[in-house]
Structure formats: C-alpha cells, structure tokens
Undergrad: 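Structure incoming, see below.
All of these numbers come straight from a predicted model, not from anything done at the bench.
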Amino acid sequence: MKSKKNIIFAAVSFVVTAMLIAYFFPREAKFRYQFYEGKPWQYDLLTADDDFPIYKTDDELKTERDSVRFHFMPYYQMDTEILPTQISKLQHDFQTSVLPKQVNQHYIRYIESRLTNIYSKGIVPAVMLDSIRKGNSRRINVLINNMSEIKPVTDLYSTRTAYEAILDGTPRSLDETVLKSCNIDHYLVENIAFDANASEKLLNEMLQKISTSTGIVQAGERIVDRGEVVNSQIYSKLRSMKIVHESKSGSSRQRGIIWLGQLILIMGILTCYAMYLAVFCHDILYNRRNLSFILLCIVTFCLLSEIFLKYNINLYIIPFAILPIVVRTFFDSQTALFTHLITVLLVSLIAPFSHEFLILQSIAGIIVIFNLNELSQRSQLIRCSFLIFISYVLVYLSLSLYQEGDINKINWTMMLYFGINFILLMFSYLLIYMLEKAFGYTSSITLVELSNINAPLLKKLSETCPGTFQHSMQVSILAFEAGAMVGANTQLIRTGALYHDIGKMINPAFFTENQKGIVNPHDKLSFEESAQIIISHVDEGVKMAEKASLPNAIIDFIRTHHGTGKTKYFYNSFKNAFPDQPVNDAAFTYPGPNPFTKETGILMMADAVEATSRSLTEYNDKTIKDLVNRIIDAQISDGLLQNTPLTFKDIATIKDTFMDKLKTMYHTRINYPELKTSELK
C-alpha cells in the first residue's frame, strides 16, 4: 500500500543500500580504457601523464624466476673437524693393536692419505647424493670455514663409494685382503650436510634482484592513437599504465573523492531500479518486506564480489544466476531480469574485465528468465543450472577467440570455475526453501505441490465432503480463467480456491452440496444457530490450515472468501419470518476481513457465482448473465471488494469470463436416440 511512511522507508532503504555498497567497494582508481592485444585502439590519442615503468608480465617474471631456480646451486656445509677426528681414531686403533697384526705403517699412511683426499672432496649421505645427481645442477656450493667453494657433483662420495674408492686404489705393494681387515668403513663419516638456511636466503636474494620492469615510459611520450593495432609492445605499456593508475591509492582526500564518485554512480544505478519499481512494481517498492528482500539480495552479491576480489578468488565462482532464479520464484520474470541486470552493473564497477563480465552474466540472466518463465517443477531448476553452465562455457570461448584470435591463449582453468558455479547453482532448490521460511514467501513450485489433489487436506476433503470438493474444483476453474484475463497470479488463485472451504469438513452435512437425503439438519435449528454453523467454517478452515502449516498466502483465501458479508439465506429468512423484530447483524455476518488482493477478490466472486449458479432452474445466456451481474454487483454495493486493486474494467472482464465458463459448464447435451428393433414376422 502506497503511503507516506512506505515512501520514506523506500527512499531511506535505497540510500542506505547505496552507502553500504560504496563503503565496502575498493578505493583504487579505475582505469577507464578497455584494450586487447591484436585489436585496434578505440579511443583518442593516449600519452603518458607521468613517468612509469614498463612492467613485465606474470609469465615473464615466472620464466625468469624458474630460470634462477633451475641454475641455482644450493649451499652445503662441510664439517672440517671430522677428518682429524677420524685420523686420530685410526692412529689410536693402530697403536692399541685394535687393528690386525699384519697392518703396518705403510697401510696406515695409505689409509690416511686416501681419507684426506676423500674428505677434502666430501662425503654426503647416499640418499642425498642420488638426489643431487638426479637434479639439474652439476655443481654445488660448499661452505668451508665460511668460505664458499664450488665442487663438481661427480667428486662427491657416499660412505659406500668412498670405501670402494680406497680399495680400488690399493697399490701393488699392499695386500688388499689385509687392507680390508682394517675396517676402513669405521673411519668414513658424512662431512657435508645441506644448509637449508643459507640456500633459501641466497635464493631469495637472487629472486628479489630480478627486475619487475623492462624499461620506462617518459611523461608526455606517445603510447597509442585511435585505430592503431595494439601490438605486444603497446600492450605492455598500456598494461603497465593501468597497473600504475589503479595502484595509486593516493591521499585520504583522493580516497574520499573516489568514494564520492562511487556513491554517486551506485546511487544513480539504484535510482534507475527504484524508477522501474515505481512504474511497474508498486507491490515491491511500497511493501517493506518485499523491498528489504530485494535490496538484501543485491547487497549480498555485491559484498560477496568484494570479498572474492579482496582474496584473489575468481569472480565467476559466485553463482550470480541464483539471483534471478530466486527473484523469479517469488516475483515476476520482468523484475527478476531487471534486478539481475542492476546487480551485474554494480559489480562490474569493480570486476576485472568488466566488459566480459557484463556479457557473461547478462546472458546467464536471460537464460534463467526464458527457462523459468512458467516455473512449476523443481526439476526446472536443475535443467536451468545446466543450461547456464553451457552458456558460460560457449560465451567465454567465443569472447576469448574474438579478443585473442588464438586458441592457445584460452584460459582453460575458467572451465573449472564455471563447474564450481554450476555445482553451487544446484543448491538453489535448498536456498528457495530456506528463503520461503525466512521471509514468509510462497513459491510457484510450492503452490503446484499444494494443488495436487492427493495432498493430505485435499484428499481428506474429497472423502469427507465430496460435494464441497467438486464445488472447490469448479471455483478454481472459474477463478483461474478470470485471473489469467486480468493479470493475476493464476497458480495462487487455483491453489487458494482448492483450500478455501476446507473448514466445511467439521460439519459437512450442514452444507447443501453435501446433503444426501431430504432431511436438512438446519430444520431443527434457529436461523441464528444455522448462520453461526455456516460462518464457523471460515475459522475452522483457518485452524486446519495453520495446523497443516499451509502458507499465509493460502490462509488469506480461507479468511477472505466471504469477507464481512452476510449469510444471506438465513439473514433474509429471519427478516421474512420476524419482520417486526430487530436483527442482530453480527449473528449473520462473517468475521472477514474483506479481500485485499486481486486474487482473493476474484476468488470471492467465483465462489459466490458458482454456488448460486447451482440454484438455477434453466441455463441460458440470459439467466447466466443476470446471475453473474446480480451476484457481483451486490458484492460491490456491499463494499466487499473496495480494498482490492481491481478496476471496473477488470470486473467487467471477470464477469464476461464467468459467463463464458458457466455456459461451457452447464451446456445442454443432446439426447442420444434409442435403437429400434424390428419385429420378426
């Protein structure tokens, strides 16, 4: 309902939304140009305002870093104390006769010389030696008393190869068997170990020395002019200019100016959205729950985008298509598409490659609207998610081929992001259910499920009150057709019509459509008592619906299908029987409230028309027309429809629709002739 309070709430909501989005958006200046390598420059002459470096690309830097790592010689530490220790141990064993008696000074001197030579080259663990030999480097840096010395990998020994080298070099003057008895392996210990700290420190220093730029552009230097093809050299300059421009956070004053520009731009986009709602969707703009829900959806996706960009997560993982799916589920297709486009426009202000982002997300939103135009089954959400995934892939590949002109430059990792997006879209089924419960909405899918005649309440109604069930079915047909003609929610009307009389299950025999015999239970009751029993079916129906957890949108049909009207049969009967007595109007009046939407208003008219039409003795154009006009005109004169948004034109259309459908329902069937049998002669 449009009121001053609702208008103020809407205005404040849009301002707060704009400020919230702008507050979390990054403050970096945005580069104003879009450019692609191999494509013509579409703007005027561009020159450098200031000096700036020409930055290397990430691939170039990666190549240089990989080259440094490839040629890097790791550092190892040599323990110079091991050799004298092992020589002393050898001399001690010789002097204390630990060694065999056959061993003399010639053997000891040979072993000492070989140990000195081997230890000077280095002994490393066998596993480490295999790893070094399998690596790229053929030399290593060895720190000896804090002095670096380069040693070939081929000179290194393990304890086993050192032992074999000593035996293989045995001079002819010595007996190899005696040499083996000296237990040479006892004096072979690794004296070289990997120095992780020194290696990492030096490697980092070498990586930091890699220059991130290849040159510099002087202030005033010409970069590119209109129509000129952006080659690799120009592309590097433009890319560097963009990096420098967007990295200038500037002073607090500059940040404030950037924020002000963002706020004005965001406010402008949201104002366009508010204008759309003001013209086409009053029920959203001036309804606090609906407006809060829509704006919350927009803010959520904007903030998610900011978080993803802040932590360098690809933006295409976010399932933006969930937004039109959710909005379409609870509102109309036009609003769903417009809401999606507004959100995508806002996010494009911070999205990298905004042109690509806008195209991909806009097409995804259009696909959602076309596939969910008539949303009636949850399986449609699965199909829609798959089609969105296909559209992302095809559009991205097409854009890549158009912009790069080289299939080898396609980033195939994007397929992974689109796949994650597809998986997240599959959860829209669960999200819709949660939003229904949180905001009290009723989706078209839920309405379709509730309108199944095998639903518990409807099945019980058909068994307990078959006459009422048939009446409800006929009312749903009338109301559905009339609703379609005046742009109402037909699925809501159909479902509401099926449930509007469930309260009659408490006392089914007191309603004429369920009476089987000639005995009428009302004959034993006063007019007031009969009226109260009839009126009670509204409250009883509400209780049953609430117990069954039916949506409020359906319960509204039960409450309002008689509005604050009177039980005319018993009211008129009382006045005719007791013309001189005052009438207690409250005893014959339904509790209401009166209908307040198109849908509930149409149901009230359809209910009264269908019920009264059963009393006609003759069905023709005149009797049906008189009946429809009389019933609906009486409801209008009683003020029962004054709270609905139905116009006089809508009511005229509804009357015509009722007349046509009643003629079809009560058309006369032809009599089939009996087969005459000839007499045998």
Undergrad: Pairs in or reaching into residues 178-202: which pass ring pair (Phe, Tyr, Trp, His ring centres under 6.0 Å), with residues at least two apart or in two chains?
TA: Y76-F194
Undergrad: Determine, for D66 against K62, whether the closest basic-nitrogen to carboxylate-oxygen distance falls under 4.0 angstrom.
TA: yes
Undergrad: Can you name the nearest heavy-atom pair linking S428 to I325, along with the distance?
TA: CB-CG2, 4.3 Å
Undergrad: Atom CG of L315 and atom OH of Y417: how far apart are they, to the nearest 0.5 Å?
TA: 11.5 Å
Undergrad: Below 30° counts as parallel, above 60° as perpendicular, anything between as tilted: where do the rings of F389 and F422 land?
TA: tilted
Undergrad: When you measure from the centre of the six-membered ring of F353, is the NZ or CZ of K242 under 6.0 Å away and within 45° of the axis?
TA: yes
Undergrad: Can you list everything that forms a side chain to side chain contact (heavy atoms under 4.5 Å, CB included) with T96? Sequence neighbours excluded, please.
TA: H92, V98
Undergrad: With side-chain contact (heavy atoms from CB on, under 4.5 Å) as the test, would you mind laying out the steps for I266 and T17 before giving the verdict?
TA: CA-CA 9 Å; I266 293 169; T17 300; over 6 Å; no
Undergrad: Give a yes or no on whether M19 atom CE has more than 12 heavy-atom contacts from other residues, nucleotides or ligands under 6.0 Å away.
TA: no
Undergrad: Going by heavy atoms in the side chains, are I307 and I313 under 4.5 Å from each other?
TA: no
Undergrad: For M128, does its backbone N or O pair with a side-chain atom of S131 as donor and acceptor, under 3.5 Å?
TA: no
Undergrad: Just wondering, are more than 12 heavy atoms of other shown residues or ligands nearer than 6.0 Å to CD1 in I407?
TA: no
Undergrad: Would you say the side chain of L179 lies within less than 4.5 Å of the side chain of I111, judging by non-hydrogen atoms?
TA: yes
Undergrad: Tell me the closest heavy-atom pair linking N421 and P319, and the distance in Å.
TA: ND2-CA, 3.5 Å
Undergrad: With heavy-atom distances below 4.5 Å as the criterion, would you say the side chains of E149 and N141 are in contact?
TA: no
Undergrad: Does the side chain of T339 come under 3.5 Å of the side chain of Y273 through a donor N or O and an acceptor N or O?
TA: yes
Undergrad: Is it true that a side-chain atom of D79 and a backbone atom of E81 form a donor plus acceptor pair closer than 3.5 Å?
TA: yes
Undergrad: Assert yes or no for the condition that the ring centre distance of Y433 to F427 is strictly below 6.0 Å.
TA: no
Undergrad: Under a 4.5 Å cut-off applied to non-hydrogen side-chain atoms, are V347 and C302 in contact?
TA: yes
Undergrad: Tell me, please, which residues at least two apart from K180 pass salt bridge (Lys or Arg N to Asp or Glu O under 4.0 Å).
TA: E176
Undergrad: Just say parallel, tilted or perpendicular for the rings of F418 and Y316, cut-offs at 30° and 60°.
TA: perpendicular
Undergrad: Are side-chain N/O atoms of R222 and T47 paired as donor and acceptor at under 3.5 Å?
TA: no
Undergrad: Would you say the side chain of I123 lies within less than 4.5 Å of the side chain of L156, judging by non-hydrogen atoms?
TA: no
Undergrad: By side chain to side chain donor-acceptor pair (under 3.5 Å), which residues pair with E164, not counting sequence neighbours?
TA: R160
Undergrad: Give the minimum heavy-atom separation between K121 and I192, together with the two atoms involved.
TA: O-CD1, 3.9 Å
Undergrad: With distance as the sole criterion, is a donor-acceptor pair present between the side chains of T161 and S158 under 3.5 Å?
TA: yes
Undergrad: Checking M206 against R69 for the side-chain contact (heavy atoms from CB on, under 4.5 Å) test, could you report, in this order, the C-alpha distance in whole Å, the side-chain angles of both residues, the deciding distance, and whether it holds?
TA: CA-CA 9 Å; M206 295 176 67; R69 292 188 180 94; over 6 Å; no
Undergrad: Just wondering, more than 12 heavy atoms not from E60 lying within 6.0 Å of its CD?
TA: yes
Undergrad: State, with a plain yes or no, whether a side-chain heavy atom of Y110 is found less than 4.5 Å away from one of L174.
TA: yes
Undergrad: What residues, two or more places apart in sequence or in another chain, satisfy ring-ring contact (aromatic ring centres under 6.0 Å, His included) together with Y163?
TA: none
Undergrad: Hey, what do you get for CD1 (I342) to CD1 (I298), rounding to the nearest 0.5 Å?
TA: 7.0 Å
Undergrad: In Å and rounded to the nearest 0.5 Å, what is the CZ to CG distance from F320 to L323?
TA: 9.0 Å
Undergrad: So, S67 side chain and T63 main chain: donor-acceptor pair closer than 3.5 Å or not?
TA: no
Undergrad: Does L129 reach the side chain of V127, with side-chain heavy atoms less than 4.5 Å apart?
TA: no
Undergrad: Give the C-alpha distance, both sets of side-chain angles, the deciding distance and a yes or no for side-chain contact (heavy atoms from CB on, under 4.5 Å) between D185 and N183.
TA: CA-CA 5 Å; D185 55 314; N183 299 321; 4.2 Å; yes
Undergrad: Taking the side chain as everything from C-beta on, heavy atoms only, tell me whether P100 gets closer than 4.5 Å to V178.
TA: no
Undergrad: Restricting to side chain to side chain contact (heavy atoms under 4.5 Å, CB included), what partner residues turn up for T300, sequence neighbours left out?
TA: L296, L304
Undergrad: For a side-chain contact (heavy atoms from CB on, under 4.5 Å) check, start with the C-alpha distance between I234 and W41, then their side-chain angles and the critical distance, and finish with the verdict.
TA: CA-CA 10 Å; I234 296 174; W41 179 252; over 6 Å; no
Undergrad: Between S199 and Y75 (side chain of the first, backbone of the second, donor and acceptor by atom type, cut-off under 3.5 Å), is there such a pair?
TA: yes
Undergrad: Is a side-chain N or O of N117 found less than 3.5 angstrom from the main chain of S113, in a donor-acceptor match?
TA: no
Undergrad: Is there a donor-acceptor contact under 3.5 Å linking the side chains of N411 and T413?
TA: yes
Undergrad: For R139, does the CZ atom sit with more than 12 other heavy atoms under 6.0 Å from it, leaving out its own atoms?
TA: no
Undergrad: Working to the nearest 0.5 Å, report the span between NZ of K437 and CE of M434.
TA: 12.5 Å
Undergrad: Taking K151 for its side chain and V142 for its backbone only, find out whether a donor-acceptor pair lies under 3.5 Å.
TA: no
Undergrad: Could you tell me whether R226 and E228 have a side-chain N and a carboxylate O separated by less than 4.0 Å?
TA: no
Undergrad: Hey, what do you get for CD1 (I21) to CD (E306), rounding to the nearest 0.5 Å?
TA: 11.5 Å
Undergrad: Quick one: closest heavy-atom pair of K237 and F52, and the distance?
TA: O-CE1, 3.6 Å
Undergrad: So which heavy atom on Y119 is nearest to which on N191, and how close?
TA: O-ND2, 3.0 Å
Undergrad: Which heavy atom of L424 sits nearest to which heavy atom of I322, and what is that distance?
TA: O-CD1, 3.8 Å
Undergrad: To the nearest 0.5 angstrom, please state how far the NE2 atom of H340 sits from the OG atom of S362.
TA: 6.0 Å
